[in-house]
Amino acid sequence: MIINSVSKSFSVGGKSLDVLVDFSLTLPPGSITAFVGPSGCGKTTLLRLIGGLEQCDRGIIEKAVSEEGPFSYLFQEPRLLPWHSVISNVELALRDWYPDRKRRIERSMEFLRMVGLEAYARFTPDQLSGGMRQRVAIARAFAYPGHIMLLDEPFQSLDTHLRWSLVEAFLALWKADKRTTVYVTHDVPEALLMADTVVRLSSRPMEIVQTYALKTPREQRSLGHQECIEIQRDFYTYP
């Protein structure tokens, strides 16, 4: 994906609010790119532009052939329908793609199994913990045949243990199906353990402060690894 000189502004109180101005970046197909920046800098706007939910004022977002078409979106909250069971919440998202209900159920169960929730398929969302509900959302996002994954701080509201558990669940599914993933977060350690590339952003209008292409293979990383230590130091000591 090539983000080429993209600009976007909004009218607020009769004044123009610039969010992105000539923003450019290349994201390799099948990679995970994490955007880390302050609240309100424009990260969510960028996700919406990539997904086509907003239109660029200027510039263009060019996608690889493998990235064209539908996309999956993971939000800060699971956004499950409370009156439907877990499996129905996943299956409902597949109706436009799999006319045969048996096939939809099979695919839904396959992904629930991969996030460890097969036994909870008939439960309703209110019977699950917050972490389990977010696992359902992850299963639904991968079950849906989107070509790009857009993640808007999906683990932000959870405690540390649950957060890392969900990161691991997400990466296990991603390794089996390496879709181009664009991930926004405030959490530097999370970004370092998840992403191939971490992009540090300024406040609005959003600009790239620094891009870090991680050299250490994901499975060999830890927050105590020298590369991760150096990048964290850069984040926390930058003037």
Side-chain angles (χ1 to χ4, degrees), residues 1 3 6 8 10 19-20 23 25 27 29-37 39-56 61-64 66-82 84 86-98 104 107-108 111-112 114-115 117 125 130-158 163 166-167 169-174 176-187 190-191 194-197 199 201 206:
M1 182 190 310
I3 303 170
V6 166
K8 181 67 178 178
F10 296 95
V19 180
L20 292 89
F23 188 91
L25 186 67
L27 286 62
S31 66
I32 300 177
T33 302
F35 289 90
V36 183
S39 295
C41 73
K43 301 186 298 296
T44 297
T45 297
L46 179 61
L47 287 186
R48 291 178 62 83
L49 290 169
I50 291 171
L53 302 175
E54 299 277 357
Q55 298 303 311
C56 305
I61 297 175
E62 302 178 51
K63 297 174 183 176
S66 62
E67 299 167 338
E68 292 286 356
F71 62 91
S72 295
Y73 208 131
L74 265 175
F75 301 91
Q76 293 182 27
E77 62 284 335
R79 301 197 179 186
L80 305 178
L81 298 175
H84 280 286
V86 164
I87 192 164
S88 290
N89 267 281
V90 179
E91 181 259 333
L92 280 168
L94 307 180
R95 289 191 174 182
D96 288 343
W97 299 95
Y98 300 96
R104 292 198 306 269
R107 185 172 175 87
S108 299
F111 283 90
L112 287 173
M114 292 176 75
V115 297
L117 290 177
M132 293 168 78
R133 288 194 291 270
Q134 199 66 328
R135 282 179 181 266
V136 176
I138 292 171
R140 180 179 59 190
F142 276 96
Y144 184 76
H147 300 159
I148 294 177
M149 303 288 291
L150 303 177
L151 279 63
D152 193 356
E153 302 187 71
F155 316 129
Q156 190 65 29
S157 61
L158 302 170
R163 182 181 298 182
L166 289 169
V167 167
F170 178 87
L171 289 174
L173 288 171
W174 178 83
D177 183 3
K178 293 186 177 181
R179 307 180 197 181
T180 302
T181 299
V182 186
Y183 170 53
V184 303
T185 182
H186 293 97
D187 194 287
E190 193 174 285
M194 278 193 68
D196 299 292
T197 303
V199 182
L201 302 169
M206 193 171 78

>> Once rounded to the nearest 0.5 Å, what's the spacing between atom NZ of Lys8 and atom CG of Leu49?
In response: 6.5 Å
>> Would you call the rings of Phe35 and Phe23 parallel, tilted or perpendicular, taking 30° and 60° as the class edges?
In response: tilted
> Between atom CZ of Arg133 and atom CZ of Arg79, what is the distance when rounded to the nearest 0.5 Å?
Replying inline: 14.5 Å
> How about Leu46 and Val184: do any of their side-chain heavy atoms sit closer than 4.5 Å?
Replying inline: no
> With a 4.5 Å heavy-atom cut-off, do Phe142 and Val115 have their side chains touching?
Replying inline: no
> Looking only at heavy atoms, which two atoms of Ser31 and Leu27 are closest? And how far apart?
Replying inline: OG-C, 4.3 Å
>> With rounding to the nearest 0.5 angstrom, report the CG to CD1 distance, Leu151 to Ile138.
In response: 8.0 Å
>> Please report the interatomic distance CD1(Ile3) to CD(Glu62), rounded to the nearest 0.5 Å.
In response: 11.0 Å
>> Using only atom types and a distance under 3.5 Å, with no angle test, would you say the side chain of Lys63 pairs donor to acceptor with the backbone of Ile50?
In response: yes
>> Give me the atom names and distance for the closest heavy-atom approach of Ala93 to Tyr144.
In response: O-CD1, 3.3 Å
>> For the CE atom of Met1 and the CD1 atom of Ile148, what is their distance to the nearest 0.5 Å?
In response: 3.5 Å
> Does Glu91 reach the main-chain N or O of Ser108 with its side chain, forming a donor-acceptor pair under 3.5 Å?
Replying inline: no
> Hey, is the main chain of Ala195 close enough, under 3.5 Å, to the side chain of Thr197 for a donor-acceptor pair?
Replying inline: no
> Where the side chain of Asp196 meets the backbone of Ile32, is there a donor-acceptor pair that is under 3.5 Å apart?
Replying inline: yes
>> On a heavy-atom basis, which atom in Leu80 and which in Arg140 lie closest, and how many Å separate them?
In response: CD2-NH1, 3.6 Å
>> side-chain contact (heavy atoms from CB on, under 4.5 Å) for Leu173 and Asp177? Distances and angles first, verdict last.
In response: CA-CA 6 Å; Leu173 288 171; Asp177 183 3; over 6 Å; no
>> Given 3.5 Å as the limit, does a donor-acceptor pair link the side chain of Lys43 with the main chain of Gly37, or not?
In response: yes
> Does Glu54 offer a backbone N or O that forms a donor-acceptor pair with the side chain of Arg48 under 3.5 Å?
Replying inline: no
>> Any heavy-atom pair between the side chains of Met206 and Val19 that's under 4.5 Å?
In response: no
> Looking at NZ of Lys178 and CE of Met149, how far apart are the two atoms once the value is rounded to the nearest 0.5 Å?
Replying inline: 14.5 Å
> Considering all heavy atoms of both residues, which atom of Ala191 and which atom of Ala34 are nearest to each other, and what is their separation?
Replying inline: CB-CB, 3.7 Å
>> With a sphere of 6.0 Å drawn around CD of Glu68, does it hold more than 12 non-hydrogen atoms of other residues, nucleotides or ligands?
In response: yes
>> So which atom in Gly42 and which in Leu20 form the shortest heavy-atom distance, rounded to 0.1 Å?
In response: O-CD1, 4.4 Å
>> Looking at Glu153, is its backbone amide N or carbonyl O close enough to the side chain of Thr185 to form a donor-acceptor pair, meaning the two atoms are under 3.5 Å apart?
In response: no
> Does any non-hydrogen side-chain atom of Leu47 lie less than 4.5 Å from one of Tyr73?
Replying inline: yes
> Side chains of Met194 and Phe170: closer than 4.5 Å at any heavy-atom pair?
Replying inline: yes
> Side chains of Asn89 and Pro125: closer than 4.5 Å at any heavy-atom pair?
Replying inline: yes
> Which atoms form the tightest heavy-atom contact between Leu94 and Ala143, and what is the distance?
Replying inline: CD2-O, 3.4 Å
> With a 4.5 Å limit on heavy-atom distance, are the side chains of Arg135 and Leu166 in contact?
Replying inline: yes
> Is any side-chain heavy atom of Arg107 closer than 4.5 Å to a side-chain heavy atom of Trp97?
Replying inline: no
